[in-house]
There are 2 protein chains.
Amino acid sequence: MAMRKKRTNDPEGMRRRVLDVAEDAFQARGYHASSLGDLMAAAGVTGGALHHHFPTKKALALAVIEERVAAAVQETWVEPVLAAPSAREGVRTVFEAVAAELEQQGYVRGCPLNNLAHELSLADADFRIALADIFAGWRRAIADKVRADQETGGEGGTDPDRFAALAVAAYSGAMSIAKTAQDAGVLRECLAGLERVEPPPSQHGSAARRRRKVLRRQTIR
Amino acid sequence: MAMRKKRTNDPEGMRRRVLDVAEDAFQARGYHASSLGDLMAAAGVTGGALHHHFPTKKALALAVIEERVAAAVQETWVEPVLAAPSAREGVRTVFEAVAAELEQQGYVRGCPLNNLAHELSLADADFRIALADIFAGWRRAIADKVRADQETGGEGGTDPDRFAALAVAAYSGAMSIAKTAQDAGVLRECLAGLERVEPPPSQHGSAARRRRKVLRRQTIR
DNA sequence: TCCAAAACAGGATGATCATCCTGTTTATAA
DNA sequence: TTATAAACAGGATGATCATCCTGTTTTGGA
């Protein structure tokens, strides 16, 4: 009198479970070090099911990048920056929030975008382009926010693209160092430095004029 | 009348050839994506010889990190910064030199330290510590240079550790972005931003005083 | 000269891994 | 109800890979 086993098809749920464990594994161990067998076991999914939703490992990774990594950048960076009173304050908020989170959880796994970017962008053009798009959107969001600040009077002569590039690079690099040192302290140091870049509009105006000149040279590139 | 094949033992040369191809392969394809078979073929080395000099793949990677990656950071960063008139000028020199080199060779393979740091620092504690030491030495060299500048009168209130952390992070992050975008332009943008961090000592002195205060707060961390 | 250790050769091995394939079950629409 | 496709199961397969092992050659000191 063994119970009749009933199976229920749940394609979305199964796909989601696979993406969940893949996102986690790629983040923790990387793409090459994560075997599909491990993922199948962790997700409780058979080979047939996995292959049905993701015919190749590359397809799975591409989905992780486009659906999960992009969303992570959106949630941890783009949305907080857009919601902040200014780009500068948004950047500070994110740095501090991430640093606090890392310090509390006691270990640093690194930035998912950076981790995959290093391992995959030279390996495959599709990977590289998908990852580059995320970097570009991230930078554009910050630069646009600086431009919006400028139109409402704030953030005098700061070059939007330059500030965005430095913010994203400083964060990415700081996360690399933090991951290697397993210490989030460098994030706070970088934030402190970042806050001293082209300090907020002073009352003088001379600084703004000087900056303008260099900005034009910069635009040539 | 076939020639008698003569073999000549050359342990140092063989070890060097293996490290050469391993350094290159780890940089271009990463650790996991580089098989020992590939390395043996590229170096023209047999399995026995490889195993004699490097009993495991990990031992080989550790040697690459400690002997090659550390040396690369020393040559491209530490020595130029020490040789420069000031830390600030040294940082600019390196950024510009690397950007120019990347633009001329047409592609970006990324920073060897960063590439391996991302792939290996969570995988193995020995890897992680070896890589963290290189990061630490890199930062310390820049910070020490700032301190030396200050003792000879330059670089007023700039916090040495903060400046070093930001320089290293900005460079590492910019290289990540450049590698993903296959465009070194972001390096120049980050350098431009970096040069506007706590701008060099003005004649006024008011700025220096303001900076001092924040610097003290920073030291608490 | 002789001998022990280092240096090198090259194949064996067992494990792992991504993909594929043949079925079976479930859902959907006609 | 029935036909059809999607969803899932689970094993097969061939390739790859790091390590190991046995044997040979070279080297340097006694």
Side-chain angles (χ1 to χ4, degrees), chain A residues 2-26 28-65 116 119-120 123-124 126-127, chain B residues 2-26 28-65 116 119-120 123-124 126-127:
Chain A
M3 277 280 294
R4 214 48 181 107
K5 324 181 101 180
K6 235 349 191 307
R7 171 157 66 87
T8 305
N9 284 0
D10 179 20
E12 288 98 3
M14 182 153 270
R15 209 186 110 97
R16 183 181 45 73
R17 287 213 310 280
V18 172
L19 285 177
D20 284 345
V21 302
E23 177 186 10
D24 188 74
F26 290 167
R29 286 173 300 235
Y31 174 82
H32 287 105
S34 302
S35 78
L36 292 184
D38 294 342
L39 301 185
M40 282 164 44
V45 166
T46 64
L50 177 61
H51 182 263
H52 176 73
H53 290 281
F54 306 100
T56 63
K57 192 181 182 184
K58 169 178 171 177
L60 172 58
L62 224 37
V64 168
I65 291 171
L116 289 181
E119 192 178 1
L120 300 181
D124 184 283
D126 295 324
F127 285 148
Chain B
M3 280 276 295
R4 210 63 177 94
K5 323 182 101 185
K6 239 340 194 306
R7 171 156 68 87
T8 305
N9 283 1
D10 179 20
E12 289 98 3
M14 182 150 272
R15 207 186 111 97
R16 184 181 44 73
R17 286 212 312 279
V18 172
L19 285 177
D20 284 345
V21 302
E23 177 186 12
D24 188 74
F26 290 167
R29 285 172 301 234
Y31 174 81
H32 288 104
S34 302
S35 78
L36 293 183
D38 294 343
L39 301 185
M40 284 165 45
V45 165
T46 65
L50 178 61
H51 182 263
H52 176 72
H53 290 281
F54 306 100
T56 64
K57 191 180 183 184
K58 170 179 172 177
L60 172 57
L62 224 38
V64 167
I65 292 171
L116 288 181
E119 192 178 2
L120 300 181
D124 185 283
D126 295 323
F127 285 148

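The model shown is predicted, which means the values in this text are computed figures rather than measured ones. Throughout, a chain's letter reflects where its sequence line sits, starting with A, and its residues are numbered from 1.
- For the atom pair OG of A:Ser35 and CZ of A:Arg29, the computed distance is 8.0 Å after rounding to the nearest 0.5 Å.
- Atoms CG and CZ, on B:Leu50 and B:Arg17 in that order, are 11.5 Å from each other to the nearest 0.5 Å.
- In this structure, the side chain of A:Glu119 engages the main chain of A:His32 through a donor-acceptor pair within 3.5 Å.
- Side-chain contact between A:Val45 and A:Val21 is absent, with no heavy-atom pair separated by less than 4.5 Å.
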At under 4.0 Å between heavy atoms, how does the protein contact nucleotides 3-10 of chain C? Give one character per nucleotide, 5' to 3', with B, S or -.
---SBSBB
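- Between the NE2 atom of A:His32 and the P atom of C:dT16 there is a distance of 19 Å, given to the nearest Å.
- B:Leu116 places none of its side-chain heavy atoms less than 4.5 Å from the side chain of B:Phe127.
- For the pair A:Leu50 CG and C:dA18 P, the interatomic distance rounds to 10 Å; values are reported in whole Å.
- Ring geometry for B:Phe26 versus B:Tyr31: interplanar angle of 30 to 60°, hence tilted.
- Atom CG of B:Leu39 and atom CG of B:Asp20 lie 11.5 Å apart (nearest 0.5 Å).
- Near DNA chain D, meaning a heavy atom under 4.0 Å from it, residues 35-42 of chain A has no residue at all.
- Atom NZ in B:Lys57 sits about 15 Å away from atom P in D:dT16, given to the nearest Å.
- A heavy-atom distance below 4.5 Å is found between the side chains of A:Glu12 and A:Asp10.
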